[in-house]
Amino acid sequence: MTYDLVALVDGRPSSDDVLAGLGAAGKELGVRAVSGGAVVQLCDDENLPLVSIELPLLVQVPGEVERMLGTAAGSVETPVWWVEIRASARDGARELAEKYANTLIDRLGGKVWTSGGAEMNQTTMAHSTMAPGPDHSTTDQSTSEGTD
């Protein structure tokens, strides 16, 4: 079963932000674009995907994030950049996805919603506070840097 994260990023992720996230996830991993470049995958040494990252989407409609993710997402001010990240069921993939998401949030501010609910702990999402919902959780890391 996959593990899903949505990084709700305060600022538009630049190429440098994406590269920093990829590097934080693991410099030894392979990277490939699929779906006409709409998805970037981090791959192991056998070129099997561990994590898939979709291109950022700008959400401008108030309440849209809450509609899509439910109340566990908490209140999310728009506009916000939505970055969907999916980890495969393979060993270590979840941690790689979390490292990528954390890097974006550390650089740009925002929060992370996960499909893991209460399974996620604060040591996994460094420097964050938890607001768990019944089925999902979010991590909030707002900064004053990098907001557009």
Fill in: Polar side-chain atom of Glu66 near backbone of Val76 as donor-acceptor pair, under 3.5 Å
yes
Worksheet item: Can you tell me if Asp10 uses its side chain to pair, donor with acceptor, with the backbone of Gly110 under 3.5 Å?
Response: yes
With a 4.5 Å cut-off on side-chain heavy atoms, are [Y] and [X] touching?
X: Arg107; Y: Asp16; value: yes
X: Ser52; Y: Val39; value: yes
X: Leu50; Y: Arg90; value: yes
X: Val83; Y: Pro13; value: yes
X: Val9; Y: Val80; value: no
X: Tyr3; Y: Val51; value: no
X: Val6; Y: Ile85; value: no

Side-chain donor/acceptor pairs under 3.5 Å, residues 23-38, sequence neighbours excluded:
| from | atom 1 | to | atom 2 | distance (Å) |
| --- | --- | --- | --- | --- |
| Arg32 | NE | Gln41 | OE1 | 2.7 |
| Arg32 | NH1 | Asn47 | O | 3.3 |
| Arg32 | NH2 | Gln41 | OE1 | 2.9 |

Item to complete: Mind listing the closest non-hydrogen atom pair of Leu5 and Ala101 along with its distance?
Response: CD2-CB, 4.1 Å
Discussion item. Tell me every residue that passes side chain to side chain contact (heavy atoms under 4.5 Å, CB included) with Leu19, counting only those two or more places apart in sequence or in another chain.
Written reply: Leu22
Worksheet entry | Donor on one side chain, acceptor on other, Asp17 and Ser14, under 3.5 Å | yes
Discussion item. Please determine whether residues Ile53 and Leu58 belong to a single hydrophobic cluster, defined as Ile, Leu, Val, Met, Phe, Trp and Tyr linked transitively by side-chain heavy-atom distances below 4.5 Å.
Written reply: yes
Worksheet item: When hydrophobic residues are tied together by side-chain contacts of less than 4.5 Å, even through go-betweens, does Leu55 share a cluster with Val59?
Response: no
Nearest-0.5 Å distance that lies between atom [atom1] in [X] and atom [atom2] in [Y]:
X: Tyr100; Y: Ile105; atom1: OH; atom2: CD1; answer: 10.5 Å
X: Leu8; Y: Met68; atom1: CG; atom2: CE; answer: 11.0 Å
X: Asp44; Y: Ser88; atom1: CG; atom2: OG; answer: 8.5 Å
X: Trp81; Y: Leu104; atom1: CH2; atom2: CG; answer: 12.5 Å

Practice prompt. Run the salt-bridge test on Glu98 and Arg94 with the 4.0 Å N-O cut-off and return the result as yes or no.
Written response: yes
Practice prompt. Quick one: list whatever passes salt bridge (charged side-chain N to carboxylate O under 4.0 Å, His left out) with Glu54, sequence neighbours left out.
Written response: none
